[in-house]
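Taking it in order: structure first as structure tokens, then the write-up.
Counting starts at 1 for both ligands and their atoms, following the listed order.
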Amino acid sequence: MSYSYPRIGLLIDGEWIHDRDACLQVVNPSNEEILADVPKATAADLQRALAAADRARRIWRDTAPEARARVLRQASALLRERMDAFCQTISLELGKPLSDARYEVERACAIMEWDAGEAVRLYGRINPSAPGMLQLVLRQPIGPVAAFTPWNAPLSSPARKLSGALAAGCSVILKAAEETPGAACLYAQCLMDAGLPSGVLSLVFGDPNEISEALITSPVIRMVTFTGSVNVGKRLTQLAAAQMKPVLMELGGHAPVLVAEDADPVQVARMSAAAKVRMAGQICVSPTRFIVHERIYDAFLVAFAKAVGEVRVGDGFESGVQMGPVANPRRLAAAQALVEDARRRGARVLTGGHRLGEKGYFYAPTVIADVPREALVMSEEPFCPLALCVSVASLREGIDLANSVSVGLAGYAFTNSLSTAEQIGREIECGILSINHFGGPAPDMPFGGLKDSGFGREGGSESLESYTVTRMVSQKAFIA
Ligand SMILES: NC(=O)c1ccc[n+]([C@@H]2O[C@H](COP(=O)([O-])OP(=O)(O)OC[C@H]3O[C@@H](n4cnc5c(N)ncnc54)[C@H](O)[C@@H]3O)[C@@H](O)[C@H]2O)c1
Ligand SMILES: O=S(=O)(O)c1ccc(CO)cc1
């Protein structure tokens, strides 16, 4: 069966542009076939996108919040209508199993519907004052936003950023990932078809450094939002700081999973296997360091290696496949190098630890036991299906190990003890903690990290905060 992949274009001021040199070819990571060329925005294209965002800024700011919410809800309805096209596109460009792609589309819809509701709840306040004086606190759109999204969530990452910014009343220029541009193009078309005025959204691809430099240093752009690696996040933050522009940074993680001595090791191992292979481990909240109490460590390892070893890996279009390939040869090389380094330092590979097949970027889901603290993989985000297991003698040792990395995004813990759960909740340094499950935050909960994982929150009642400024207006009833 053949599946169709969208034509990739730049969307600037309501017009799709295709006739540009290619900056990259999109490759299907399951079979290495070329899917499309990605047009490279020129410097003049970026200037046009900036001019459009500047012009549309006032139009969208002054559009009633309920009308903005209607556009987002209508776009969400279109996503559901076009579900098959989205799922096929995501599976083609990223290799995700179709069921995971469907989850991503549904999550994008839920995020947009949440933000649509928040658009009409952007309350200011009236401060108490003497008669004849009105003191208003207003929350207004910050202005044009430059948004940068990565390849691992080709739809839900752009949806997260666009729906927050658009709900708040900002125009946006999105640079989505060149590696997975198809879902972003389909998504931009849904927003246009839902009635978003021309120029409020532009979508560009090209050289990431050139684009970030041109957008962030332009006086038109008032705020920068990025999801991706810590290194790039720090570079963009420095660039924005030099222009006195605020940022929202959703960066990497290295999530610990604390398994306390009172937890059921077999049950936790089975749940851990399913969570580890989600998105082939290429997600910032992926559970990575399994920190297990020594009394249940061996039982956990046996059950974990068995469950991970049984995961069905393959092309996302095959039925029953639980994990697809990694996204690109960079991730394959990273997996191989991190496993070799851990092996050299004395870690035991219990299952996986090698590439699968020669065509496509498949890497076997891997469990590594007794990983020394100094192994590179204990501090570098693997962003591939590697699970690292370590035993600890006490909860204290486990919490200290969990907190020993420079990032703090997601964390997980398993225990049947209320006091253990309470201590972990208080002491683990991460922005998102799930106890006794691997679910992440729904759209009504704030998502974001501590330390090098970035700052700002997406989702929750905080969702629109980054995209607004607070202003005060005081108004006397008469001129004294
Ligand atoms: N937090 C996340 O969701 C996330 C997503 C993707 C990658 N990553 C991290 O990145 C690591 C490596 O992946 P990679 O090789 O794709 O990483 P990378 O840092 O090279 O790229 C990540 C994303 O940032 C974009 N990017 C790169 N330079 C940019 C710039 N100057 N301006 C704007 N955008 C820019 C890329 O186009 C890509 O979409 C992973 O190991 C992981 O740690 C994190
Ligand atoms: O699938 S999700 O949990 O929504 C999710 C969260 C974060 C990111 C960014 O890495 C992608 C997908």
For this session: Quick one: sort the F317 and Y3 rings into parallel, tilted or perpendicular, breaks at 30° and 60°.
Result: parallel

Numbered in order shown, the ligand 1 atoms found under 4.0 Å of a heavy atom of A177 are 39 (O)

Ligand 1 to L251, heavy atom cutoff 4.0 Å, flagged ligand atoms 1 (N)

| message | With a 4.5 Å cut-off on side-chain heavy atoms, are V367 and K276 touching? | response | no

Q. Can you find a heavy atom in the side chain of I291 that is under 4.5 Å from one in the side chain of V259?
A. no

Check: Can you find a non-hydrogen atom of N152 under 4.0 Å from ligand 2?
Finding: yes

closest protein heavy atom to atom 2 (S) of ligand 2 is R107 NE, 3.5 Å

Note: heavy atom closest to atom 26 (N) of ligand 1, options P382, P208, G228, C284, belongs to P208

>> If you count heavy atoms of other groups shown closer than 6.0 angstrom to CZ of R270, is the number above 12?
In response: no

The atoms of ligand 1 lying under 4.0 Å from a heavy atom of T149, numbered in the order shown, are 39 (O)

Here the atoms of ligand 1 under 4.0 Å from any heavy atom belonging to R330 are 14 (P), 15 (O), 16 (O)

Honestly, for Q282 the part within reach of ligand 1 (heavy atoms, under 4.0 Å) is neither

Evaluate the side-chain proximity of C23 to E178: yes if any heavy-atom separation is below 4.5 Å, no if none is.
yes

Would you verify that at least one protein heavy atom lies under 4.0 Å from atom 20 (O) of ligand 1, or report that none does? no

Near F226 (heavy-atom distance under 4.0 Å), the atoms of ligand 1 are 24 (O), 34 (N)

Logged contact type for E104 with ligand 2, heavy-atom cut-off 4.0 Å, is neither

Touching ligand 2 at all, R160? Heavy atoms, strictly under 4.0 Å? no

among protein heavy atoms, the one nearest atom 33 (C) of ligand 1 is F148 CD2, 3.5 Å

Residue pairs meeting side-chain hydrogen bond (donor to acceptor under 3.5 Å, both in side chains), one or both in residues 353-364, sequence neighbours left out, come to none

for atom 8 (C) of ligand 2, nearest protein heavy atom and its distance come out as C284 SG, 3.9 Å

So, are E113 and R80 salt-bridged, with charged N and O less than 4.0 Å apart?
yes

Looking at atom 30 (C) of ligand 1, is any protein heavy atom nearer than 4.0 Å to it? yes

among protein heavy atoms, the one nearest atom 5 (C) of ligand 2 is I283 CD1, 3.6 Å

One finds that the ligand 2 atoms under 4.0 Å from a non-hydrogen atom of E250 are 9 (C)

message: Tell me whether R278 has any N or O atom under 3.5 angstrom from an N or O of ligand 2.
response: yes

Would you say the rings of F414 and F438 are close, in the sense that their centroids are separated by under 6.0 Å?
yes

**Asked** Taking C-beta and beyond as the side chain, do L94 and W151 meet within less than 4.5 Å on heavy atoms?
**Response** yes

Is the shortest distance from a heavy atom of E213 to ligand 1 less than 4.0 Å?
-> no

message = Tell me if a side-chain donor or acceptor on N152 pairs with a main-chain N or O of Q282 at a distance below 3.5 Å.
response = yes

heavy-atom search around atom 7 (C) of ligand 2 in the protein gives F447 CZ, 3.5 Å

Any heavy atom of N209 under 4.0 Å from ligand 1? The part involved is both

Of all protein heavy atoms, the one nearest atom 38 (C) of ligand 1 is W151 CD1, 4.3 Å

Note: heavy atom closest to atom 17 (O) of ligand 1, options G449, S229, A327, S453, belongs to S229

Item to complete: Answer yes or no: does atom CE of M83 have more than 12 heavy-atom neighbours from other residues, nucleotides or ligands under 6.0 Å?
Response: yes

For this session: Could you tell me whether R160 and D115 have a side-chain N and a carboxylate O separated by less than 4.0 Å?
Result: no

